[in-house]
Amino acid sequence: MSSQFVMTSILPPSPISPTVNPIQLILPNLPNLPNLPNLSLMPDMPKAYEPGAHEDQVYKDWEQSGFFNPDNLPGERKEPFSMVLPPPNVTGTLHMGHATMLAIQDLMVRFERMRGKKALWIPGTDHAAIATQSKVEKLLIEGGMKSPRHTLGREKFLDEVNKFAQESHDTIVNQCKKMGSSLDWSREAYTLDAERNHTVNVAFKKMYDDGLIYRGYRVINWDPLGQTTISDIEIIYKEVEATLYTFKYSKDFPIAISTTRPETKVGDMAVAVNPKDARYKQFVGMTFGNIPFAGTTISIKVVADDSVDPEFGTGALGVTPAHSLIDADIADRHGLTLKQVIGEDGRMNEVAGPLVAGKTTKEAREIVASWLKEQGLIEAEEKTIQNLATAERSGGTVEPLPKLQWFISASKEFDRDGKKATLKTLTQDAVRSGKVKITPERFEKAYFQWVDNLRDWCISRQIWFGHRVPVWYRKVGKVGEVREVGEETFVGTSAPEGDGWVQDEDTLDTWFSSGLWTFSTLGWPEKTNDLKTFHPTSVLETGYDILTFWVVRMVSMTTYLLGEVPFKEVYLHGLVRDEQGRKMSKSLGNIINPLDMIAKYGADATRLSLVIGSTAGNDVKLSEEKVAGLRNFTNKLWNISRFVLTTVGAQALGVRPEATGTTLADRWIMSRFEETVSKTVRFLENKDYSAAGETLREFTWSEFADWYLEIAKIQRTDATLLVSTDANLRFILNGIIRLWHPFMPFVTETIWKEMGEKGMLIIEPYPTSSGARDEEAEAQFETVRSVITSIRAMRADYKVEPAKEIVAVISAGAQAELLEANASLIRRLARVGELTIAADAAKPEGSMSAVGTGFTIHIPLAGLVDMAKERTRIEGEIASARKYIDGTEAKLTNKEFVGKAPEKVVAEMRAKLAEAQLKLSALEVQLKAL
RNA sequence: GGGCGGUUAGCUCAGUUGGUUAGAGCGUCACAUUGACAUUGUGAAGGUCACAAGUUCGAGCCUUGUACCGCCCACCA
């Protein structure tokens, strides 16, 4: 029974929380009030946003709403958006890399959900076969058990692993929720649960029946420490120092060879030379038999093979077919037999001869080397750097050796749509045809580099934790007559009928089941509604480091089994590094735990820190300061809302105000809002999340909070502007809360509640914009803003107390009317008591001046103005203006520039020149006046 | 050995098909602060865009080369 160790329990239903949010006690009392709010009903918002006080409750509310499940979403939603969560390994807890993935994916799915799509994001975990089993084994050994597998036996050992996996799973689920992930828990899957086991078995059987899966006796990567085979990509190369010996097998042998592993030479079957190598041509085809070598006897054939580099070493390669993957290939081409001299325990076996039998390879290496020395066979001995193959999980030194294993063929041909295809060509075509788009595009190269060299994939593992190979064997033969006449094989989704069947002991590589993930989670092989609606999935978002491990395999297996791609797009994020760019690791002690960050700064700030400042495919450097900085922003957003809600009120939020009768500032902020919406949406559609976030932050903080809110305070003192100003404040607040939601779901949903909105923000429509801007208002407001900023700068320059009112005279030419119309803003925001604005105003005695584009500001500061300092400053400004004018004039008098540059560029430059000249003459006037 | 990135302010990074006097956040400095917010406000300083040559009217951006840093693949036996 393969299901005995399958984990089925997934998740208890969320209990309905007995706690009642105090805010909800107030809000139902908010009827449709007349325009002026009743202050006593205003929400009582604390001064600072405390994430810990809201996040868990908000998440529970979302879960209870059922909106994570697309079947429950309101309205008619036709277009699907689907995504699978790359299942985290049940080996422990989530790290910042997982947090990044959750932040980006949740952003994607919330955005699409708000845009009215049938949005589905499927959660799940990966049993991570070798990784989990070795982790549990290690823990048991640390706990005092010497040989856990031996002591416990298969069933009890698996109980331990499953227990650990369950605990890990619970932790992971909790962490996903803490991050605010809007995952549809009702569809949660596990790569090793009963349904996925069925999928795996069906897939295995189909591929076996089609000849894509086969069993073969071949040289594989053996991990003597983990006691299992591993695939090529589970190998990590480490540089170690080694001795390269050059020697002859015997005095009479005509060719010398080199090796760093003399002990394997007792298994040599041939010497390979390049066919073009004149030195050895005469020996090709000859066999030298009965060579006494290190206590045994070997027989060496000289073969010619193109893969041998005549320039390297002696130009001859000793072929050890059983213990080198390359040699195995050569042996295969020349029909040499595999002579296994190293056993699965990593020691030399009987075949290796009495001199080394039973010794470890390391011991044997010394023994054979001394034997060679004694015999005087060594011609050279030198130190080199060798890339030692080690197993990713156990750290053991990988020993290539021949073994009967299960493989998936990359090159077996089959018919696909009337054409010949292989797994390799299917995988290549998926990306080449554009059916799968990889973002960033440059990773397509890495994809092809891997796929073009796709080799047969060894999928069987000698571990217990995993999907057991769905193959049964039975000895065939008449009892009592001949033993083991043959073996009968049965491949199926469950055990065959009849007696004597024994299931294959091995389990499958964990990537076999994860390769089926996009459709195993949707009910395949049944033709479910989910599969029809949501497959192929819209996008796969994952780290670039598992492109080859996982993405390639998903494309291979899905295109083969389903005849369609697993996803339309792959979006790859970078790795999270520390502030110095180092990988986060336990040994460096630089790990930032996402849960710590959430506890300290909130989930929203943590998410934002992983999204802002990171671009597709590039690593993110994370520091606690960055998270803290973004926590400040969440608090800013909270306080913006607090201001609007407590002073203006919550009514009529979201209703677009009438444009008539509004001020320049009103027109400006509405225009900026339109621009912000269209830019944000465009960036989100292009998956440029950092740019979207920065656009929003810029608008929220630098435009809405710093300028419009301050102006609103002034406008609200004017009874004729009160209603329209409030309407604007509400509308824009409502808009930014929606815009921010996919980035910062908790604080925005909390504010939404404070606003007294009935439904939940999670399903509100995302703002849209025609992109129509009021360019006149933007330009005019820019002038007003620039006047205010200039006055503030002058004050700061002369250390005038911010509260103190000053006198200002502005000479503004054609812009005098505009500034006059906004004089009250200038007075209040720049703290000007007596303000004179004229087309051409004279400079008062003893004043300092600042020249802007189209205006000059004078501030009389009797006795305070340092004339020498003023002169230096103005001279400096004149110098830079001259330099600019000279450069620009040079360009404009250059016929080639005027002739070849686009008209628009030339016209812009002329306008800039005129502006600069105007400024220069104004500066010169100022200098003279001094 | 093959390939892919990167090098822009003290730090972390943007910079869209080449076109204003290169931007942001953090940090720094100065000033301020009981009415949304010190998790704040206002203002300022700070850059030969790694280096060299080339293409172009024009280069942070394109080409070639050099240097340094990081990663992936191969595994020379």
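Naming convention: chains lettered A, B, ... in sequence-line order (proteins, then strands); numbering from 1 in each chain.
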(request) Assess whether ring pair (Phe, Tyr, Trp, His ring centres under 6.0 Å) is satisfied between A/Tyr689 and A/Phe683, documenting all intermediate values. (result) CA-CA 7 Å; A/Tyr689 301 110; A/Phe683 281 135; over 10 Å; no

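By the ring pair (Phe, Tyr, Trp, His ring centres under 6.0 Å) test, A/Phe549 is found to be paired with A/Trp511, residues two or more places apart in sequence or in another chain being considered. Under the ring pair (Phe, Tyr, Trp, His ring centres under 6.0 Å) criterion, A/Phe643 pairs with no residue at all, not counting sequence neighbours. For the side-chain hydrogen bond (donor to acceptor under 3.5 Å, both in side chains) test, no residue two or more places apart in sequence or in another chain qualifies with A/Glu908. Checked against side-chain hydrogen bond (donor to acceptor under 3.5 Å, both in side chains), A/Ser678 has no partners two or more places apart in sequence or in another chain. By the side-chain hydrogen bond (donor to acceptor under 3.5 Å, both in side chains) test, A/Arg455 pairs with no residue at all, sequence neighbours left out. Here A/Thr260 pairs with A/Ala242, A/Leu244, A/Thr384, A/Gln386 under the side-chain contact (heavy atoms from CB on, under 4.5 Å) rule; sequence neighbours left out. Shown here are the side-chain contact (heavy atoms from CB on, under 4.5 Å) partners of A/Ile885, two or more places apart in sequence or in another chain: A/Glu889, A/Leu913, A/Ala916, A/Gln917, A/Leu920.
Here, B/rU28 and B/rC72 have their P atoms 36 Å apart, quoted to the whole Å. Comparing B/rG60 with B/rU21, their C1' atoms sit 15 Å apart, to the nearest whole Å. Across the C1' atoms, B/rC51 and B/rU7 are found 11 Å apart, a figure rounded to whole Å. Rounded to the nearest Å, the gap between the C1' atom of B/rA59 and that of B/rG18 is 6 Å. The separation of B/rA36 from B/rG41, taken at their P atoms, amounts to 14 Å, rounded to a whole angstrom.
Side-chain N/O atoms of A/Gln449 and base N/O atoms of B/rA74 include no donor-acceptor pair closer than 3.5 Å. Between the side chain of A/Lys47 and the base of B/rC37, no donor-acceptor pair of N or O atoms lies under 3.5 Å. Put simply, the side chain of A/Lys265 and the base of B/rA77 share no donor and acceptor less than 3.5 Å apart.
Near RNA chain B, defined here as any heavy-atom distance below 4.0 Å, the residues from residues 695-707 of chain A are A/Arg697, A/Trp701, A/Ala705, A/Asp706, listed numerically.
Summarising the geometry, the separation between CD1 on A/Ile330 and C1' on B/rA77 is reported as 8 Å, rounded to the nearest angstrom. One interatomic measurement links the two molecules: CD of A/Glu625 to C1' of B/rG27, which rounds to 10 Å at whole-angstrom precision. Atom CD of A/Glu754 is separated from atom P of B/rA36 by 17 Å (rounded to the nearest Å). Look at NZ on A/Lys679: it is 13 Å from P on B/rG15, rounded to the nearest Å. To the nearest angstrom, P of B/rA77 lies 11 Å from CG of A/Leu388. Spacing between atom CZ of A/Arg577 and atom C1' of B/rC13 amounts to 15 Å, rounded to whole angstrom units. Look at OH on A/Tyr544: it is 11 Å from C1' on B/rG6, rounded to the nearest Å. Rounded to whole Å, atom C1' of B/rG5 lies 15 Å from atom CG of A/Asp545.
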(request) Assign a letter to each nucleotide of nucleotides 54-62 of chain B from its 5' end: B, base within under 4.0 Å of a protein heavy atom; S, sugar-phosphate only; -, no contact. (result) ---B-----

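Side-chain contact of A/Tyr280 with A/Asn274: a donor-acceptor pair under 3.5 Å is absent, judged by distance alone. Judged by distance alone, the side chains of A/Thr615 and A/Asn618 do bring a donor and an acceptor atom under 3.5 Å apart. A/Trp638 and A/Thr750 form no side-chain donor-acceptor contact under 3.5 Å, judged by distance and modelled atom types alone.
Closest to the side chain of A/Arg455, out of B/rG3, B/rU21, B/rC75, is B/rC75. In this structure, of B/rC75, B/rG41, B/rU39, it is B/rU39 that holds the atom nearest to the side chain of A/Asn632. Taking every side-chain heavy atom of A/Arg642 into account, B/rA36 is the closest of B/rA36, B/rG5, B/rC71. Nearest to the side chain of A/Thr260, among B/rA77, B/rU39, B/rA44, sits B/rA77. For A/Ala48, taking side-chain heavy atoms from C-beta onward, the closest of the listed nucleotides B/rA77, B/rU39, B/rC75 is B/rU39.
Test A/Leu825, A/Val832, A/Ile857 against A/Val787 for side chain to side chain contact (heavy atoms under 4.5 Å, CB included) and you get one pass: A/Ile857.
One finds no side-chain N or O of A/Lys904 lying less than 4.0 angstrom from the OP1 or OP2 phosphate oxygen of B/rU20. Within the 4.0 Å cut-off from OP1 or OP2 of B/rG43, at least one side-chain nitrogen or oxygen of A/Arg792 is found. Taking 4.0 angstrom as the limit, A/Ser641 places none of its side-chain polar atoms (N or O) nearer than this to OP1 or OP2 of B/rA36. Contact between the side-chain N/O atoms of A/Lys626 and the OP1/OP2 oxygens of B/rC26 is not found at any separation under 4.0 Å.
Both A/Thr789 and A/Ser307 lie close to RNA chain B; mapped to their nearest nucleotides by heavy-atom distance, the more 5′-ward contact belongs to A/Thr789. The residue among A/Ala691 and A/Ala796 whose nearest nucleotide of RNA chain B lies closer to the 5′ end is A/Ala691.
Among the heavy atoms of the strands, none lies under 4.0 Å from A/Phe443. Residue A/Ser880 is classed as having no contact, given no heavy-atom separation below 4.0 Å to the nucleic acid. Among the heavy atoms of the strands, none lies under 4.0 Å from A/Thr634. A/Lys636 comes within 4.0 angstrom of a nucleotide base, judged by non-hydrogen atoms across all strands. In this structure, A/Arg631 reaches the bases: a heavy-atom distance under 4.0 Å links it to at least one base atom across the strands shown. No engagement by A/Lys804 is indicated, since no non-hydrogen atom pair under 4.0 Å with the nucleic acid exists. Nucleic acid contact for A/Ser614: none, since no nucleic acid atom lies under 4.0 Å from a heavy atom of the residue. Among the atoms of the strands shown, base atoms are found under 4.0 Å from some heavy atom of A/Leu709. Using a 4.0 Å heavy-atom cutoff across all strands shown, A/Glu710 reaches at least one base atom of the nucleic acid.
Here side chain to side chain donor-acceptor pair (under 3.5 Å) pairs that include residues 445-454 of chain A, with residues two or more places apart or in two chains, are A/Gln428-A/Asp452. Applying the side chain to side chain donor-acceptor pair (under 3.5 Å) definition to pairs two or more places apart or across chains, those involving residues 597-610 of chain A are A/Asp106-A/Arg607, A/Lys600-A/Glu624, A/Tyr601-A/Glu624.
To the nearest 0.5 Å, atoms CZ (A/Arg827) and CD1 (A/Ile791) are separated by 10.5 Å.
Paired runs in RNA chain B that reach 3 or more consecutive Watson-Crick or G-U pairs, where each pair keeps both distances under 3.5 Å, cover B:1-7 with B:67-73, B:10-13 with B:23-26, B:28-32 with B:40-44, B:50-54 with B:62-66.
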